[in-house]
Amino acid sequence: KPSMAPKRASGKTKIPWGTIYTVGFIALAVVAAIFVATEPARPTKKAATPQAAPASAREDIMTQADREALEKYEGIIKQADQFAANGPAGAEAAKTLYTAAIELNARHPLAYFNLARVIEEEGNHTGALGHYHTVLSLLHPQMAEGRKTVHTNIALLHMNINNISGAIAHWKEAIDADPRDAMLHFSLGNAFLTQGEQAEALKEFKRCIELDKKEAKYNVEYGRLLLATGDEKLGREQIAAGLKKGDEQQLFQLGMYLFKKDATVAQEIFETILQRFPAHPALGTVYYTLGQLLGQVGKADEEKKLYEDAVAANIFASTLQRPMFRHRNNLEPAHALPTAEVRAQLQGAIDLLESNADKIAQELAPAIQNADSLPEDDEALSSPQDWHQLVFVRNGVINHTSWDQYPVTSNVVAKIMEDYASDMPRSSMELSVLDGNGHIKPHCGPVNFRLRLHLGLSVPEGAGIRIGTEQAGWESGKVLVIDDSFEHEVWNNASVPRALLVVDVWHPALDENDKEQIRRQFGWSPNSKIVTGYPGSH
């Protein structure tokens, strides 16, 4: 879900900011810098893309040897960028090439900058900071846009490692380079807020409103902070102003951001979207998320009415099948427990799981026994927090820590991904452990183009699931197939945990054209494996 607060984006992010060309091969060094600024919807890593400097800026002062050396340097950078774009798989080659570029010309900042980005993604924060500071030392003080970019990256890195005071210092440096960038003030305000300096945060949020009178989130966040500090009247006024002026995209992003932070304001935002933008392109997500919010605060009657309205508007297929993303072609009517014909098309995956069930259960036994140390449910679906997950794949992205730690399970999952879940957005594979006497509240999965395979690993008597209007259970060593876009709830009335391996696959009713359409709608990138889009009802 989109974040409005500064944080380091996961995966490889590339936002063009231009290229700095420093010619260090001649006696008198000549620096020509081109920074192409972009203003993203939220703070994120800014990256570099090679871009040729104007010929007139170089040819008049460079010898043929100088030009050849610069072309060689640029060629190395281009090749390194191609490896870096492949994420962890290309990181070592990229680092080697960036280092070679630095050895060729140690006065050129671009290689340091891109190298910093790669090693930061690997978790080498100290090394990344060193390279970013080298870039600053190579930039002329008057290169405001470039200094702003680098200080922004350093500030984001400090936020990521929870060095808030360091982040504040560099947000201030970035603002010195561009005092009228409202997003920088917003980032500084959030950093102050993280450190508990509410008065300073209020000043920055107020400054955001003065600089950008069109952005809704500045008013809403200023209003939320005013409410928190006791100014009820002005706080409500600012929130109302934000809801009134926000466009459909601003309000949608803000609602998704506040979904887990402030249910009351998030509910107001989504209700405003339905009132002001009845043809919003992501209505499925709006209804889905608003329904979750109403359910969380116990407004059952309002939640029921909302679902009935969504069915009447043809957003949801039924009040029991409510995915935020609805692919209609070849998938309707659907079944909460897929038919024998559908299950037969998944028999290869089912056989692979069941034939390896004992080995998987044995490998995962320590994790199951120590489930309290695993991450807890973060969707407020279990009460108390008694639902734990060990993630192997989340939204199509491999979690390399668990992937490497449990090779038997990973090998089976990899085979299923290759044959049954190739390049599938929103696919997950995980160990799911529900504590004894645990309960998972009724909810729907977010999409209807996947089916979910449950391999029973440790299943006590008294554990079961309702999916749609049907009730089912698990057996150790056997696979249960469900369509989790239908409302489902889970219980474990035993005193010991229930453990499953959960594996998502494409719904077999889809053909390749359907799958490609879904990938495009989600902005799916096979290289980065990152979902960049948030489509609504289709």
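In what follows, residues are counted from 1 in the order of the sequence shown.
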Mind telling me whether [Y] and [X] have parallel, tilted or perpendicular rings, with 30° and 60° as the class edges?
| X | Y | answer |
| --- | --- | --- |
| Tyr406 | Phe392 | perpendicular |
| Phe270 | Phe252 | perpendicular |
| His327 | Phe325 | parallel |

Heavy atoms from other residues, nucleotides or ligands near [atom1] of [X] exceed 12 (cutoff 6.0 Å):
| X | atom1 | result |
| --- | --- | --- |
| Glu376 | CD | yes |
| Asp301 | CG | no |
| Lys441 | NZ | yes |
| Phe83 | CZ | no |
| Asp511 | CG | yes |
| Gln195 | CD | yes |
| Gln471 | CD | yes |

Side chain to side chain donor-acceptor pair (under 3.5 Å) between Ser165 and Asn163, worked out: CA-CA 6 Å; Ser165 59; Asn163 179 10; 3.2 Å; yes
Check for me whether [X] meets the cation-pi criterion with [Y], that is, NZ or CZ under 6.0 Å from the six-membered ring centre and within 45 degrees of the ring axis.
| X | Y | answer |
| --- | --- | --- |
| Arg322 | Tyr287 | no |
| Lys515 | Phe449 | no |
| Arg450 | Trp506 | no |

Salt bridge Lys305-Glu302, side-chain N to carboxylate O under 4.0 Å: no
Ion pair check, Asp483 and Arg452, cut-off under 4.0 Å: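 No, Asp483 and Arg452 are not salt-bridged.
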Rounded distance [0.5 Å steps], CE in Met424 versus CG in Leu510: 10.0 Å
Pairs involving residues 336-346, ordered by first then second residue, that meet side-chain hydrogen bond (donor to acceptor under 3.5 Å, both in side chains) (sequence neighbours left out):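 Output for this query is empty, none listed.
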Proximity of Tyr218 and Phe205 rings by center, below 6.0 Å: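 Ring centroids of Tyr218 and Phe205 are no less than 6.0 Å from each other.
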Stepwise side chain to side chain donor-acceptor pair (under 3.5 Å) test for Glu363 and Thr409: CA-CA 8 Å; Glu363 181 179 63; Thr409 306; 2.7 Å; yes
Audit row: Trp403, Val393, side chain to side chain contact (heavy atoms under 4.5 Å, CB included) steps and yes/no: CA-CA 8 Å; Trp403 192 269; Val393 179; 3.9 Å; yes
Trace of the side chain to side chain contact (heavy atoms under 4.5 Å, CB included) decision for Arg236 with Leu226: CA-CA 8 Å; Arg236 296 305 312 172; Leu226 287 168; over 6 Å; no
Leu290 and Glu271: CA distance, side-chain angles, deciding distance, side chain to side chain contact (heavy atoms under 4.5 Å, CB included) verdict: CA-CA 8 Å; Leu290 180 55; Glu271 289 173 344; 3.9 Å; yes
For [X] versus [Y], what's the shortest heavy-atom pair and its separation?
| X | Y | result |
| --- | --- | --- |
| Ala84 | Val118 | CB-CG2, 3.9 Å |
| Gln321 | Ser485 | NE2-OG, 3.0 Å |
| Gln292 | Tyr307 | N-OH, 4.1 Å |

Verdict with reasoning, Phe316 to Arg326, per side chain to side chain contact (heavy atoms under 4.5 Å, CB included): CA-CA 8 Å; Phe316 295 150; Arg326 178 185 175 191; 5.6 Å; no
